[in-house]
Chemist: 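My structure is below; once you've seen it, I'll send some questions.
Every chain is numbered from 1 and lettered A, B, ... according to where its sequence line falls, protein lines coming before strand lines.
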Amino acid sequence: DQQVKQNSPSLSVQEGRISILNCDYTNSMFDYFLWYKKYPAEGPTFLISISSIKDKNEDGRFTVFLNKSAKHLSLHIVPSQPGDSAVYFCAAPAADSNYQLIWGAGTKLIIKP
Amino acid sequence: NAGVTQTPKFQVLKTGQSMTLQCAQDMNHNSMYWYRQDPGMGLRLIYYSASEGTTDKGEVPNGYNVSRLNKREFSLRLESAAPSQTSVYFCASSEGSLSNQPQHFGDGTRLSIL
């Protein structure tokens with residue numbers, strides 16, 4: 001079974017506060033994870049990634065945390081800004097393919113002024 | 001800096017009609033991908049191409065054909081469109097062939113089949 005699950009279809013956060021987007025996966029063989037951001041009428045853009053040999057990766061306001069035992073990762077955005085309003089996708093390379101990504105359904109983040 | 005360009009942006013077809021979606025990238029990338037995105041679902045891979053002249057099936061290849069014309073261009077063809085193929089189609093490219101490398105996406109083609 002190879003699934004990536006984003007169980008929250010949407011999330012609303014006050015500007016300036018922390019946004020936490022969650023992602024769960026089913027296959028312990030997944031060894032790399034990517035987050036993409038998508039604005040309406042545009043294609044996804046790569047945001048940040050993490051290898052399974054790490055438990056944290058940080059890039060400016062964006063930090064991804066990986067909990068392998070729980071098969072869970074989260075994306076933290078601090079502080080949240082209006083331009084962060086978008087759909088965020090979590091993805092993982094399939095365990096049985098060199099080229100296929102398994103994508104979550106996405107979480108729509110709304111930053112309130 | 002165009003990146004990945006998809007044409008057309010919108011299209012409405014009747015059931016049974018054929019159509020080719022075009023994709024071109026100017027980043028000299030080796031790998032190219034075609035995805036579809038349906039409401040409430042993640043992106044699903046239709047076809048992948050590691051280089052000119054090579055293609056591999058993805059998760060949902062049925063009803064589609066592809067052609068990697070050269071390093072820049074990767075087209076997706078619907079030979080006989082069906083309502084179930086109503087979707088948003090994204091083309092993407094990446095420098096290498098491994099799926100852990102970031103992919104660069106076009107802005108999509110919104111296809112409706114009546």
Chemist: Say you draw a straight line from CG of B:Leu43 to CG of A:Leu101; how long is it, rounded to the nearest 0.5 Å?
Modeler: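 Here the interatomic distance stands at 9.5 Å.
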
Chemist: Between A:Ala41, A:Ser97, A:Ser49, who has the most heavy-atom pairs with chain B when the cutoff is under 4.5 Å?
Modeler: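 Most pairs with chain B among the choices: A:Ala41.
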
Chemist: Flag yes if A:Phe89 and A:Leu47 sit in one hydrophobic cluster, no otherwise; membership is Ile, Leu, Val, Met, Phe, Trp, Tyr, and two members link when side-chain heavy atoms are under 4.5 Å apart.
Modeler: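 Different clusters.
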
Chemist: Can you say whether B:Arg110 sits under 4.5 Å from chain A via the side chain, the backbone, both, or neither, judging by heavy atoms?
Modeler: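 For B:Arg110, the contact with chain A is made by the side chain alone.
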
Chemist: Could you tell me the separation between the OH atom of A:Tyr99 and the CD atom of B:Gln101, rounded to the nearest 0.5 Å?
Modeler: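 Answer for the OH-CD pair, A:Tyr99 versus B:Gln101, is 16.0 Å.
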
Chemist: Do you know which of B:Phe90, B:Phe105, B:Tyr35, B:Tyr33 has the most heavy-atom pairs under 4.5 Å to chain A?
Modeler: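 Maximum pair count with chain A is reached by B:Phe105.
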
Chemist: More than 12 foreign heavy atoms under 6.0 Å from NZ of A:Lys108: is that the case here?
Modeler: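 No, the 6.0 Å shell around NZ holds no more than 12 heavy atoms from other groups.
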
Chemist: Heavy-atom pairs under 4.5 Å with chain A are the metric here; pick the option from B:Lys9, B:His104, B:Glu59 that has the most.
Modeler: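 Ranked by contacts with chain A, first place is B:Glu59.
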
Chemist: Verify the neighbour count for atom CD of B:Glu79: are there more than 12 heavy atoms of other residues, nucleotides or ligands below 6.0 Å?
Modeler: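 Yes.
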
Chemist: Tell me whether B:Arg77 at atom CZ has more than 12 heavy atoms from other residues, nucleotides or ligands lying less than 6.0 Å away.
Modeler: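 Result for CZ/B:Arg77: enclosed.
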
Chemist: Non-hydrogen atoms of chain A under 4.5 Å away: do they reach the side chain of B:Leu98, the backbone, both or neither?
Modeler: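 For B:Leu98, backbone and side chain are both near chain A.
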
Chemist: What heavy-atom pair brings B:Gly40 and A:Ala105 nearest, and what distance separates the two atoms?
Modeler: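 Between these two residues, the closest heavy atoms are O-CB, 3.4 Å.
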
Chemist: Can you tell me which portion of A:Phe33 sits under 4.5 Å from chain B's heavy atoms? Options are side chain, backbone, both or neither.
Modeler: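 Contact with chain B involves no heavy atom of A:Phe33 at all.
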
Chemist: Atom OG in A:Ser51, atom CG in B:Asn100: separation rounded to 0.5 Å?
Modeler: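 The OG atom of A:Ser51 sits 8.5 Å away from the CG atom of B:Asn100.
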
Chemist: Are A:Leu109 and A:Phe65 linked, directly or through intermediate hydrophobic residues, by side-chain heavy-atom contacts shorter than 4.5 Å (ILVMFWY only)?
Modeler: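 A:Phe65 and A:Leu109: separate clusters.
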
Chemist: Any chain of hydrophobic side-chain contacts (each under 4.5 Å) joining A:Leu11 to A:Tyr36?
Modeler: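 Cluster IDs for A:Leu11 and A:Tyr36 differ.
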
Chemist: Do B:Leu78 and B:Val66 belong together in a cluster built from hydrophobic side chains that touch within less than 4.5 Å?
Modeler: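 Same cluster: B:Leu78 reaches B:Val66 through Ile, Leu, Val, Met, Phe, Trp or Tyr contacts under 4.5 Å.
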
Chemist: Looking at chain A, which one of B:Gln37, B:Gln6, B:Arg44 has the largest number of heavy-atom pairs inside 4.5 Å, strictly under?
Modeler: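 Ranked by contacts with chain A, first place is B:Gln37.
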
Chemist: Does one hydrophobic cluster hold both A:Phe46 and B:Trp34, with members joined at side-chain heavy-atom distances below 4.5 Å?
Modeler: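 Different clusters.
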
